[in-house]
Amino acid sequence: MTSTLTAPAAPGHRSAGSPPRRRTRLLALPEARWALAALVLFLAALPLHLLGAPVWLWGPLYAAVYVTGGWEPGWEGLKALKDKTLDVDLLMVVAALGAAAIGQVLDGALLIVIFATSGALEAVATARTADSVRGLLDLTPSTATRLLPDGGEESVPAEQLAVGDLILVRPGERTGADGRVVAGASEVDQATITGEPLPVTKETGDEVFAGTVNGTGALRVRVERDPSDSVIARIVKMVEEASETKAPTQLFIEKIEQRYSVGMVAATLAVFAVPLLLGDGLQPALLRAMTFMIVASPCAVVLSTMPPLLSAIANAGRHGVLAKSAVAMERLGQIDTVALDKTGTLTEGTPRVTDIRPLTGSGLSEDELLAFAAAAEHPSEHPLARAVVDAARERRLTLADADGFTSVPGQGVTATVGSRTVQVGSPDRLLPAGGGRAHAVVQGLEDAGRTAVVVLIDGEPAGALGIADRLRPDAAATIAALTALTGRAPTLLTGDNERAARQLAAEVGITDVRAGLLPEDKVAAVRAWEQEGRRVLVVGDGVNDAPALAAAHTGIAMGKAGSDLALETADAVVVRDELATIPTVVRLSRTARRLVLQNLAIAGAFIAVLVAWDLIGTLPLPLGVAGHEGSTVIVGLNGLRLLREAAWTGPGKDTA
């Protein structure tokens, strides 16, 4: 009986039992609730006020606007003041209350609504980004099977394991602690530690790491490190240390906000006091001072920064790139050096059959050789076996049933296909010593950076298959775009072997290749660049990339198959795994920075004109508020330009 392989279900299909993705409801955020309440109350009071209704109708509504929209920034400002820091939000609340005190209730309420809405928008952007980033995952299992001296076994918490304990790691389980194999053989997936795309054969005497996934064989492992000192624990510690030592960052405007605010308060007091000393009345002096405080306040200056950056975050999010904060979006545009991981970043992270080489004299075509190999491998769960079966599926080959299937870890599989015995596995184990055509084919595949798998039929070599982690289709274009943006070619940082790394780097145009790196080696490379004054962008996906992501000026994680630790550590996440979005989001960040500078120029011009008018002449308070809020609206609308689809440019383009 035969079977025809069909295409698998579409990727990304959610099974019935999988949990739904959580998403923070808009009104679950207190900032959004208070801002909405303030806006509704303001819209209710405004027509009553403008139509001349009695003050007892609209007065309480405006008062409620001040309370709902102003209490939270006011309270935060008072706490900042307690720490000897002058917060601009507190100045806005004071200015609004001052406007109300001299009869300009509408203007003060409008100021409160604008600031409350701005704070709510920032809270929503932050929450939605957090929803899309998975939490930190404890990669080591919570329990381990410890073997007792009398031959029994017990399940114990992994953190209670001690050096010298003997543990049993069954097929499919995660290793509970760092140690060394004392019995058994299996293939172990240790991509979380080294980034290697294929499982590594582990036999007696080989080292294994906590958190790595065991294959089909059972392993007895002697614990050699305390769980608190495992490789995974050290990686998490490096991430924490790198995050703590990275200099605290602020938005550009926040660096000057404090000095400006202090100077503005001093100037307001002077504008109030000097006319009084010169004999001016209290009411005119207070009115001039309140007008000055409003028109000179950095409201528009502060809002010059947030709308462009929040718009850039929203636009990037629509295209599958989630920036975690406005600071992260701003920093993306500052990078001048790029370092990328290999497996799962430049490549898809899944082994694929790239070469099918039947031996001359075997009488087999490529499809026939692949069909024999796939039929024998079909019952296996090994990643290489899945790659072979997937290749047969892509060619829509019809496979004969396999009988007598056996699998030996580190060696390969054996099965009877039809009336013939088929063996598929490691050349070192299946091929006889010496030269020959099969050895020459295997050597050619390995020289090309492939993993070679030989196929024997009835004990005789019939051919070989070359398997490799397939390069992402947009990898070369992405490298070219990043080179153009930064002025230097990216560097490849990988834990994979030197030959495979250089082979792949040559295909995409990378010349600086650093292979065989442990996580601490990647961090050392990043810190060396940072000491040279460079601003480094690191792109990765694995646990082994997380320390470098934390240490870099900016880190981007590939989200589809990225480890939870990498996703938590990175400043931005490429959700759809589209590598070409990375240079695009860097360009978007640079455009946002240009709009910030434009907005600062606009806001500064408005402030200068209005302040001069107030000091030299007599600026009516309503006109001052209108000019101040008008500048706020202008810079806000200018920043919102980045919400347009045209702002998201493809490789090789730039925004106007």
Side-chain angles (χ1 to χ4, degrees), residues 10-12 21 23-24 26 32 117-118 120-133 251 303-335 338 472-486 537 539 554 556-560 570-602 632-656:
R21 178 173 293 179
R23 187 177 178 87
T24 300
L26 181 63
T117 303
S118 174
L121 290 175
E122 184 174 2
V124 169
T126 302
R128 290 292 166 85
T129 300
D131 289 340
S132 303
V133 181
L251 293 174
L303 291 180
S304 296
T305 299
M306 292 312 299
L309 294 175
L310 291 177
S311 297
I313 289 173
N315 198 337
R318 288 203 308 264
H319 294 86
V321 181
L322 300 175
K324 295 185 181 181
S325 67
V327 172
M329 177 56 70
E330 184 185 48
R331 290 167 68 89
L332 272 170
Q334 300 171 348
I335 60 104
V338 180
R472 292 185 187 274
D474 52 358
T478 299
I479 296 303
L482 289 172
T483 301
L485 281 170
T486 62
L537 167 64
V539 185
T554 309
I556 296 181
M558 305 300 290
K560 185 173 290 185
D571 300 294
V573 179
V574 181
V575 178
R576 302 172 189 165
D577 266 18
E578 296 173 354
L579 197 62
T581 59
I582 294 175
T584 306
V585 78
V586 171
R587 278 192 293 269
L588 182 66
S589 173
R590 292 184 177 182
T591 302
R593 286 170 58 81
R594 289 199 297 271
L595 288 185
V596 167
L597 295 177
Q598 290 177 14
N599 284 347
L600 290 173
I602 294 170
T632 301
V633 171
I634 290 173
V635 299
L637 292 177
N638 192 41
L640 294 178
R641 289 167 50 197
L642 292 186
L643 287 173
R644 299 176 304 160
E645 187 66 27
W648 183 262
T649 60
K653 299 180 183 178
D654 202 352
T655 49

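Below, all heavy atoms of this structure are taken into account, side chains as well, without hydrogens, waters or symmetry copies. Numbering starts at 1 and runs along the sequence shown.
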Go through it in stages, so that I can follow the logic: the residues are H319 and T584, the test is side-chain contact (heavy atoms from CB on, under 4.5 Å), and I'd like the CA-CA distance, side-chain angles, deciding distance and then a yes or no. CA-CA 10 Å; H319 294 86; T584 306; over 6 Å; no
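- In this structure a side-chain-to-backbone donor-acceptor pair under 3.5 Å is missing from S589 to V585.
- Using a 4.5 Å heavy-atom threshold, the side chains of V596 and E330 count as separate.
- Side chain of D571 to backbone of A323: no donor-acceptor contact under 3.5 angstrom is found.
- The CG atom of L597 sits 7.0 Å away from atom CZ of R593, with the distance rounded to the nearest 0.5 Å.
- Within the 3.5 Å criterion, the main-chain N or O of R641 finds a donor-acceptor partner in the side chain of R644.
- In this structure, the separation between CE on M558 and CD on E578 is 9.0 Å, given to the nearest 0.5 Å.
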Pair L537, I582 - check side-chain contact (heavy atoms from CB on, under 4.5 Å), show working. CA-CA 10 Å; L537 167 64; I582 294 175; 4.1 Å; yes
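- Minimum heavy-atom separation, L643 to A314: CD2-CB, 3.7 Å.
- Between L579 and A475, the shortest heavy-atom distance links the atoms CD2-CA, 3.8 Å.
- In summary, of the residues considered (V321, T581, I313, L642), a side-chain contact (heavy atoms from CB on, under 4.5 Å) with L588 occurs for L642 alone.
- With contacts defined as side-chain heavy-atom distances shorter than 4.5 Å, the pair L482/T478 qualifies.
- Counting heavy atoms from C-beta on, the side chains of Q334 and R331 come closer than 4.5 Å.
- Counting heavy atoms from C-beta outward, L332 and I556 have side chains that approach closer than 4.5 Å.
- In this structure, M329 and A316 approach most closely via the heavy-atom pair CE-CB, 4.2 Å.
- R472 pairs by the side-chain hydrogen bond (donor to acceptor under 3.5 Å, both in side chains) definition with D577, not counting sequence neighbours.
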